[in-house]
Every structure is written in structure tokens, then in C-alpha cells.
Amino acid sequence: MEKHLIQKAKDGDSKSIEMLYKHFYGYAMSIALRYSNSREEACEIVNDSFMKAFDKLAQYSPDKSFKGWFRRILINTSIDYYRKNVKYFAVMDIEKADAGVSDFDIIDRLSTQDILEILRGLPELLRIVFNMYEIEGYSHNEIGAELGIPSSTSRTYLARAKKQLREKVKELNEIKNEGAIR
């Protein structure tokens, strides 16, 4: 079904293009939300990604996973979005004290929305490095090449991202616990 739809879209069938868009929209949004500061930014990344994918559909090889091919476009579009807008992002102080998390059930009590909000709270570059390494499985060398930074800087940014995430999870847990006590 999917391969047939992709072939028809390659041939320029607008209904098939629309169906591909609807079929992969949720998947695309789930990736874009991890890389963006807001839902609006994620929508922009998703739409730009679809435009790129449809423009380059002739380059897609049917013997490979469409989802994997499109995922790569989404990640690259997210990185491009960051590069294009880096001058507008405020620089945040990332040198905070390490706050260890002692309650290992915290993550189980967080909703998907809580986790996305915590990720969005990271400075842009830290969030991108975290997503690429921990979620997408890129190596530090690959991240460095994509972002134009040394691999050692990628490692440092990952460590800082994890440190900030631990703090944010702890803060959110304290807020949730206070709400439950009242």
C-alpha cells in the first residue's frame, strides 16, 4: 500500500501526495517537536520537510525504508532551522550545579507533554545534541560534522543537556508533589 502510494506520488498524483502527508504527519510532528521550541516551530519544520521530501521524491529508492529516508530529511531540516535562526535564540547560562535525581520513579509520573516541555526548556544547541545522540543514535563525530562543532564539544553539550534535564525533572517533580500535598 505505502509503496504504491509513494510511486503514485512520484508520478505527480496530488491525491497520493496528500495521503502521504496525512499518513506521515504524526510521525513527522513527533520528531519535529523534540527539536523545536514550540508547536509553531515544529509545524514549520514539518511543512518544510514535506516540501523537501516531495521535491526530492524522485531520488527516493523504493528498496529502502521511506520512513527512514523521511526521518533523515526531518532531522536535517531541524538542524537547518536551528542554523538559520541561531542568531535569534537567547543564550542561557548552562553552568548550573549538578542536581542528582534520587527518585527513580519520577519519569514514570511524567506525561509526554511534561517530557516535551522539559526538552524544550533546554538551550537549542543542547537539545539538538541530546536528540541526535540519545534519540536518533548519531555518534559524536557525526553530530560534530552535522553541526560544525568538534566531537569533544558534542560530548560536553550532551553532558550539560543531561545535567539540565536532571535538574528540570527534579524541579517538575517537586512542583507536582506540592500540588498533590495540597
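Keep in mind that this is a model prediction, so the values were computed, not measured.
The closest donor-acceptor contact from the side chain of Glu142 to the backbone of Tyr138 lies at 3.5 Å or more, if one exists at all. A donor-acceptor pair under 3.5 Å links the side-chain atoms of Asn131 to the main chain of Arg34, judged by distance alone. One N or O on the side chain of Thr156 and one on the backbone of Ser152 form a donor-acceptor pair closer than 3.5 Å. When atom types are taken as modelled, the side chain of Gln164 and the backbone of Ala161 share no donor-acceptor pair closer than 3.5 angstrom. Between the side chain of Thr153 and the main chain of Ile149, no donor-acceptor pair closer than 3.5 Å is present.
For Met29, the CE atom counts as densely surrounded, since its 6.0 Å shell holds more than 12 non-hydrogen atoms of other residues, nucleotides or ligands. The environment of Lys3 atom NZ is dense: over 12 non-hydrogen atoms of other residues, nucleotides or ligands sit within 6.0 angstrom.
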message = Evaluate Phe54 against Leu20 for side chain to side chain contact (heavy atoms under 4.5 Å, CB included), listing each step before the verdict.
response = CA-CA 10 Å; Phe54 294 143; Leu20 269 178; 4.2 Å; yes
request  = Could you go through the side chain to side chain contact (heavy atoms under 4.5 Å, CB included) check for Lys168 and Leu119 one step at a time?
outcome  = CA-CA 9 Å; Lys168 291 177 185 304; Leu119 281 172; over 6 Å; no
ask   = Going through the distances and angles, do Lys8 and Lys15 end up as a side chain to side chain contact (heavy atoms under 4.5 Å, CB included)?
value = CA-CA 9 Å; Lys8 287 180 76 175; Lys15 190 69 173 167; over 6 Å; no
inquiry  = Between Arg127 and Tyr157, does the side chain to side chain contact (heavy atoms under 4.5 Å, CB included) criterion hold? Intermediate values first, please.
reply    = CA-CA 9 Å; Arg127 182 174 62 245; Tyr157 286 169; over 6 Å; no
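Under a 4.0 Å N-O distance rule, the pair Lys170/Glu167 does not qualify as a salt bridge. With respect to the salt-bridge test (charged N to carboxylate O, under 4.0 angstrom), the residues Arg71 and Glu136 qualify. A salt bridge between Glu134 and Lys162 is present, with a side-chain N of the basic residue lying under 4.0 Å from a carboxylate O of the acidic one. Taking the charged nitrogens against the carboxylate oxygens, Lys84 and Asp48 have no contact shorter than 4.0 Å, which rules out a salt bridge.
Scanning both residues, Ala9 and Ser16, for their nearest heavy atoms gives N-CB, 3.7 Å. Nearest heavy atom pair, residue Ser154 against residue His140, reads OG-ND1, 2.8 Å. Residues Ile6 and Leu57 approach most closely at O-CD2, 4.2 Å, considering heavy atoms. Taking every heavy atom of both residues into account, Val129 and Leu158 meet most closely at CG1-N, 3.9 Å. Nearest approach of Arg120 to Ser36, heavy atoms of both residues: CG-O, 3.3 Å. Listed here is the closest heavy atom pair of Leu74 and Ala28: CD1-CA, 3.6 Å.
Taking the ring centroids of Tyr60 and Phe66, they lie under the 6.0 Å cut-off.
Counting only heavy atoms from C-beta outward, the side chains of Met132 and Ile79 approach each other to under 4.5 Å.
Each of Tyr21, Tyr27, Phe24 was evaluated against Phe50; a single residue qualifies, Tyr21, per the ring-ring contact (aromatic ring centres under 6.0 Å, His included) test.
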